[in-house]
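Notes follow the structure.
Only heavy atoms go into these numbers, but all of them, side chains included; no hydrogens, no water, no symmetry mates.
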Amino acid sequence: MSEENLTGTLRKMHSALDVRVTYRIPVGDGLFPVSERVGGRFSLRYTGRMHCVACGRAMRKSFNQGYCFPCFRSLAECDMCILKPETCHYHLGTCRDPAWGERHCMQDHIVYLANTSGIKVGITRINQIPTRWIDQGARQAIPALRVRSRFHSGLIEAAMKAHLNDRTDWRRMLKGHPEEIDMRELRHSVLERVSDDIEAQRARHPDLAWEVLDDDPVTLDYPVEAFPGKIVPLNLDRQAEVSGRLLGIKGQYLITDSGVINIRKHAGYEVQVE
């Protein structure tokens with residue numbers, strides 16, 4: 001099927017960082033090069049059908065951004081420790097899928113600082129940089145620490161949350177770019193400020209170890225022609241078709257002249273893209 005007209009199950013947007021972030025929307029077996037359409041007309045229509053992103057079964061309601069209820073209840077990637085990595089229970093032998101845990105959680109992770117809707121702390125697998133930063137709509141980001149597992153990164157993030165936000169205000173993020181700051185200086189000052197809290201975590205978890213990083217900061221430029229003056233969220237459950245002029249893309253959001261839509265939130269929805 002032509003890239004100009006795709007029908008299939010929606011997934012979160014694929015992104016890549018070149019001079020500017022580029023995006024493609026997975027629709028069924030195709031990829032729609034949406035960043036090339038900024039400034040032009042765009043249409044996304046929900047067919048009324050929905051399929052689980054894991055098992056493919058038809059479903060009436062989506063859980064955790066695209067999963068059917070049985071998969072939501074059984075898969076490791078839907079467990080609560082994905083949202084709160086400091087509660088990881090792999091070491092207790094109770095992981096829902098130890099093989100999945102080995103591939104995704106028992107790998108080197110990065111604790112980073114990002115400038116999204118403001119300064120925040122976050123964690124991600126080392127091979128998910130810069131994808132994680134792009135998905136959050138970060139304007140600037142810098143790695144701070146490297147650890148051996150998701151659990152360890154969660155322990156450090158939990159310590160740092162006493163001093164820093166760990167969430168992005170998506171409405172503020174879509175209003176425009178935050179004021180740029182010296183990310184190297186930020187990393188230095190934050191690590192000094194949280195050192196006692198991290199050491200306290202190590203006192204409780206003696207195997208916790210980290211490497212302080214000296215990586216350069218990254219600045220991300222998004223394909224945005226104009227930011228919205230007013231944020232109008234669009235939802236395919238209430239409005240089966242989103243169409244109009246595509247003004248830009250940031251994070252996992254499409255910005256149109258009729259409102260903004262979170263593509264990741266609609267994973268599993270069967271759509272037609274034109």
Item to check | Sub-4.5 Å side-chain heavy-atom contact between I261 and Y253 | outcome: no
Item to check | Pairs flagged by side chain to side chain donor-acceptor pair (under 3.5 Å) wherever residues 224-240 is involved - sequence neighbours left out | outcome: E225-R245, D237-Y269
Checklist entry - So does D214 pair up with R184, basic N to acidic O under 4.0 Å? => result yes
Checklist entry - Shortest non-hydrogen contact from L213 to P143? => result CD1-CB, 3.7 Å
Next on the checklist: Using modelled atom types and a 3.5 Å cut-off, is there a donor and acceptor pairing between side-chain atoms of T47 and backbone atoms of E270?
Outcome noted: yes
Next on the checklist: I need the L145 CG to L191 CG distance, nearest 0.5 Å.
Outcome noted: 5.0 Å
Next on the checklist: Are I134 and V121 connected into the same hydrophobic cluster when the rule is that any two of I, L, V, M, F, W, Y join if their side-chain heavy atoms are below 4.5 Å apart?
Outcome noted: no
Item to check | Side-chain (H104) to main-chain (W100) donor-acceptor, under 3.5 angstrom | outcome: yes
Checklist entry - Mind checking what makes salt bridge (Lys or Arg N to Asp or Glu O under 4.0 Å) contact with R264, not counting sequence neighbours? => result D135
Next on the checklist: Please check this pair: side chain of R49 against backbone of M59, looking for a donor-acceptor N/O pair closer than 3.5 Å.
Outcome noted: no
Checklist entry - Which atom names give the shortest non-hydrogen contact between Y112 and K120, and what distance separates them? => result OH-NZ, 3.9 Å
Checklist entry - If you take all heavy atoms of R11 and I263, which pair is closest and at what distance? => result O-CG2, 3.5 Å
Checklist entry - Between K250 and G176, is there a donor-acceptor pair closer than 3.5 Å when you use the side chain of the first and the backbone of the second? => result yes
Checklist entry - Are T9 and H51 close enough that a side-chain donor and a side-chain acceptor fall under 3.5 Å? => result no
Checklist entry - Does P33 offer a backbone N or O that forms a donor-acceptor pair with the side chain of R37 under 3.5 Å? => result yes
Checklist entry - Quick check, are the ring centers of F63 and F72 under 6.0 angstrom apart? => result yes
Listing, residues 122-133 side-chain donor-acceptor contacts under 3.5 Å, not counting sequence neighbours, or none:
{"unit_1": "R125", "atom_1": "NE", "unit_2": "N127", "atom_2": "OD1", "d": "3.4"}

Checklist entry - Is a side-chain donor or acceptor of T256 paired with a backbone partner of S258 at a separation under 3.5 angstrom? => result yes
Next on the checklist: Return the CE to NE2 distance between M183 and H188, rounded to the nearest 0.5 Å.
Outcome noted: 15.0 Å
Checklist outcome for this item: Closest non-hydrogen atoms of S149 and H109, given as atom of the first, atom of the second and distance, are C-ND1, 3.7 Å
Checklist entry - Are D108 and R146 within salt-bridge range, i.e. N to O under 4.0 Å? => result yes
Checklist entry - Which is it for D79 and R96 under the salt bridge (charged side-chain N to carboxylate O under 4.0 Å, His left out) test, yes or no, and what are the steps along the way? => result CA-CA 8 Å; D79 205 347; R96 291 181 178 182; 3.8 Å; yes
Item to check | Quiz item: cation-pi between R202 and W210, 6.0 Å / 45° | outcome: yes
Next on the checklist: Given 3.5 Å as the limit, does a donor-acceptor pair link the side chain of S117 with the main chain of D169, or not?
Outcome noted: yes
Next on the checklist: Is there a path of hydrophobic side-chain contacts, each under 4.5 Å between heavy atoms of I/L/V/M/F/W/Y residues, joining L6 to V53?
Outcome noted: no
Checklist entry - Given side chains that start at C-beta, do those of M160 and L113 come closer than 4.5 Å, heavy atoms only? => result yes
Checklist entry - Hey, are S43 and E241 close enough side-chain-wise for a donor-acceptor pair under 3.5 Å? => result yes
Next on the checklist: What verdict does the side chain to side chain contact (heavy atoms under 4.5 Å, CB included) test give for Q201 and I156, after you've listed the backbone C-alpha separation in whole Å, the side-chain angles of each residue and the deciding distance to 0.1 Å?
Outcome noted: CA-CA 7 Å; Q201 287 283 32; I156 292 177; 5.9 Å; no
Next on the checklist: Nearest 0.5 Å, please: how far is CD in Q140 from OG1 in T219?
Outcome noted: 5.0 Å
Next on the checklist: Return the OG to CD distance between S15 and Q252, rounded to the nearest 0.5 Å.
Outcome noted: 7.0 Å
Checklist entry - Taking the six-membered ring for Trp, are the ring centroids of H14 and Y23 within less than 6.0 Å of each other? => result no
Item to check | Within-4.5 Å side-chain heavy-atom neighbours: L247 and V38 | outcome: no
Next on the checklist: Which heavy atom of K61 sits nearest to which heavy atom of M50, and what is that distance?
Outcome noted: C-SD, 4.0 Å
Checklist entry - When rounded to the nearest 0.5 angstrom, what distance separates CG in L234 from CG in N262? => result 11.0 Å
Checklist entry - Where is the tightest heavy-atom contact between C78 and N64, given as atom of each residue plus distance? => result SG-ND2, 3.5 Å
Item to check | Rounded distance [0.5 Å steps], CD in E157 versus CZ in R150 | outcome: 8.5 Å
Next on the checklist: Donor-acceptor pair, distance only, cut-off 3.5 Å: does the side chain of T94 make one with the backbone of H89?
Outcome noted: yes
Next on the checklist: Quiz question: by atom type and distance under 3.5 Å, do the side chains of H177 and N115 form a donor-acceptor pair?
Outcome noted: no
Checklist entry - Would you say the side-chain atoms of Y222 pair up with the backbone N or O of A138, donor to acceptor, closer than 3.5 Å? => result yes
Checklist entry - Can any side-chain N or O of R24 pair as donor or acceptor with the backbone N or O of V34 at less than 3.5 Å? => result no
